[in-house]
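One structure is given below, encoded as structure tokens.
Count residues from 1 along the sequence. Being a predicted model, the structure only gives us computed values, none of them experimental.
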Amino acid sequence: MLNGFPPNDYLVAAKFYDLFYNFWEDAGFYVTLAKRTGGPILDAMCGTGRIALPMARAGVRVLGVDMNDSMLEIMQQKLKRERPEVRSRVRIAKGDITSARLDGPFALAVLAWNSLPEITTLKGQQMALMNISRHMKPGALLALHTDNPSDVRPTWELFKGTGTTHDGSQVSMYSTTVKRGKNHYDLEFRYEISRPRKKATEIRTRVGMLFPTRKQVAEILESAGLTVVDVFGDYDLRPCTPRCKYMIFIARKPWRK
């Protein structure tokens with residue numbers, strides 16, 4: 001533990017995840033791809049099901065894979081509140097996406113919103129994409145999002161917002177971005193928790209991130225046997241320029257000859 005922050009720790013913060021990562025700007029993009037491919041879908045590093053559940057509601061079968069028990073438990077609880085037909089389309093599996101053996105093959109694989117950079121070596125990122133590719137059908141698509149490293153900068157502590165949990169607790173989140181090396185950052189999170197009739201508490205977590213360049217992502221995808229067909233700079237499908245904030249890659253596994 002460094003400076004009070006456990007490294008890459010979602011165990012203590014998983015129950016707050018949906019309070020602050022409840023945006024939908026990318027969900028429609030993935031749902032459209034899911035409908036186009038028809039499934040089944042691999043949602044790699046699925047977290048609490050932020051993307052998997054909308055795809056299942058759209059009528060497509062989804063496998064959500066993550067290695068964090070706390071995240072998957074929350075996804076399971078959310079799934080219980082869905083309609084029976086939605087529940088029937090979702091499977092959940094615990095596994096490391098760099099090596100997990102999965103029940104495929106898949107017509108679409110998704111690595112949403114900076115999941116890939118949480119694998120903090122280029123070798124590990126390559127292993128993840130190679131493993132995903134092995135589980136894809138010929139002609140299948142892969143969609144992944146990573147922030148453009150040229151847009152990521154160190155910050156002082158920033159207030160990210162306040163949310164209310166199911167037990168009535170008020171949680172305020174603050175984040176700090178610390179540069180550790182070339183395109184390698186630590187995202188440090190501090191949660192101030194005020195509970196009814198209880199003493200306020202604080203939780204700190206840290207997540208290491210390695211943001212690959214556009215060239216590096218393209219090279220890793222190629223080494224995984226995938227061909228880049230589009231790179232968007234936002235979810236309105238604008239082309240990615242050197243100054244774009246996001247890099248949203250669409251790659252295809254070649255059809256068999």
N/O donor-acceptor pair under 3.5 Å between N183 side chain and P212 backbone: no

Return yes when atom CD of E222 has more than 12 non-hydrogen atoms of other residues, nucleotides or ligands closer than 6.0 Å, and no otherwise. no

Should the pair K94-D69 be classified as a salt bridge under the 4.0 Å nitrogen-to-oxygen rule? yes

Hey, any chance L19 and Y21 share a hydrophobic cluster, counting ILVMFWY side chains that come within less than 4.5 Å of each other, even indirectly? yes

Keeping S133 on the side-chain end and A224 on the backbone end, is there a donor-acceptor pair under 3.5 Å? yes

Close side-chain approach of D234 and E25, heavy atoms under 4.5 Å: yes

Shortest non-hydrogen contact between Q170 and T164, atoms and distance: NE2-OG1, 2.6 Å

Hey, is the main chain of L210 close enough, under 3.5 Å, to the side chain of Q125 for a donor-acceptor pair? yes

Other residues, nucleotides, ligands: >12 heavy atoms within 6.0 Å of R61 CZ: no

Just by distance, do the side chain of T155 and the backbone of T177 share a donor-acceptor pair under 3.5 Å? yes

Side-chain touch I220/L116, heavy atoms, less than 4.5 angstrom: no

So OG1 of T98 and CE of M45: to nearest 0.5 Å the spacing works out to 9.5 Å

Any donor-acceptor N/O pair, R91 side chain to R89 backbone, under 3.5 Å: no

Distance col, row M71:CE vs I92:CD1, nearest 0.5 angstrom, shows 13.5 Å

Between L33 and L42, is there shared hydrophobic-cluster membership here, with clusters defined by ILVMFWY side-chain heavy atoms closer than 4.5 Å? no

Keeping the roles fixed (side chain from N131, backbone from I97), state whether a donor-acceptor pair exists under 3.5 Å. yes

Spacing of OG belonging to S150 relative to CE belonging to M247, to within rounding of 0.5 Å: 7.5 Å

Looking at D26 and Y235, would you say the former's side chain and the latter's main chain have a donor-acceptor pair under 3.5 Å? no

Is N114 reaching over with its side chain to a backbone N or O of D147, donor-acceptor style, under 3.5 angstrom? yes

Given the rule that I, L, V, M, F, W and Y join up when any side-chain heavy atoms are under 4.5 Å apart, are L122 and L142 in one cluster? yes

For the pair Y185 and V152, evaluate side chain to side chain contact (heavy atoms under 4.5 Å, CB included) and give the outcome as yes or no after the intermediate values. CA-CA 9 Å; Y185 294 82; V152 182; 3.7 Å; yes

Could you tell me whether the side chain of V231 reaches within less than 4.5 Å of the side chain of V217, counting heavy atoms only? no

What is the minimum heavy-atom distance between G124 and I119, and which atoms define it? C-CG2, 3.4 Å

Strictly distance-based, threshold 3.5 Å: is any side-chain N or O of T32 a donor or acceptor partner for the main-chain N or O of G28? yes

List the steps and the verdict of side chain to side chain contact (heavy atoms under 4.5 Å, CB included) for M209 and E118. CA-CA 5 Å; M209 305 286 278; E118 289 187 30; 3.4 Å; yes

Hydrogens and angles aside, do T165 and R195 bring a side-chain donor and acceptor to less than 3.5 Å of each other? no

Please say which of F189, F20, Y191, Y174 ends up in a ring-ring contact (aromatic ring centres under 6.0 Å, His included) with F159. Y174

State, with a plain yes or no, whether a side-chain heavy atom of F29 is found less than 4.5 Å away from one of I250. yes

Should M173 and F16 count as side-chain neighbours, where that means a heavy-atom distance under 4.5 Å? no

Search all heavy atoms of Y30 against all heavy atoms of L111 and return the closest pair with its distance. OH-O, 4.2 Å

Where is the tightest heavy-atom contact between V65 and G95, given as atom of each residue plus distance? CG1-O, 3.7 Å

In Å and rounded to the nearest 0.5 Å, what is the CZ to OG distance from R206 to S175? 13.5 Å

Nearest non-hydrogen partners of A112 and R50, listed with the distance: CB-NH2, 4.4 Å

Looking at residues at least two apart in the chain, or sitting in another chain, which of them share a side-chain hydrogen bond (donor to acceptor under 3.5 Å, both in side chains) with D103? none

Can you tell me how far apart CE (M75) and NZ (K78) are? Round to the nearest 0.5 Å. 8.0 Å

Would you say that I132 contacts L226 through its side chain, given a criterion of any heavy-atom pair below 4.5 Å between the two side chains? no

Quick check on the hydrophobic clustering: are V110 and L141 connected, directly or via other members, by side-chain heavy-atom contacts under 4.5 Å? yes

What's the spacing between R134 CZ and K253 NZ if we round to 0.5 Å? 9.5 Å

Indicate yes or no for a side-chain donor-acceptor contact from R238 to the backbone of C244 under 3.5 Å, with no hydrogens or angles considered. no

Please say yes or no: joined through hydrophobic side-chain contacts below 4.5 Å, possibly via intermediate residues, are L144 and V228 part of one cluster? yes

Any non-hydrogen side-chain atom of N148 less than 4.5 Å from a side-chain atom of P242? no

Shortest non-hydrogen pair, W255 vs G139, comes out as CE2-CA, 3.5 Å

State, with a plain yes or no, whether a side-chain heavy atom of W113 is found less than 4.5 Å away from one of Y246. yes

Criterion salt bridge (charged side-chain N to carboxylate O under 4.0 Å, His left out) against E188, the qualifying member of K160, R180, R204: R180

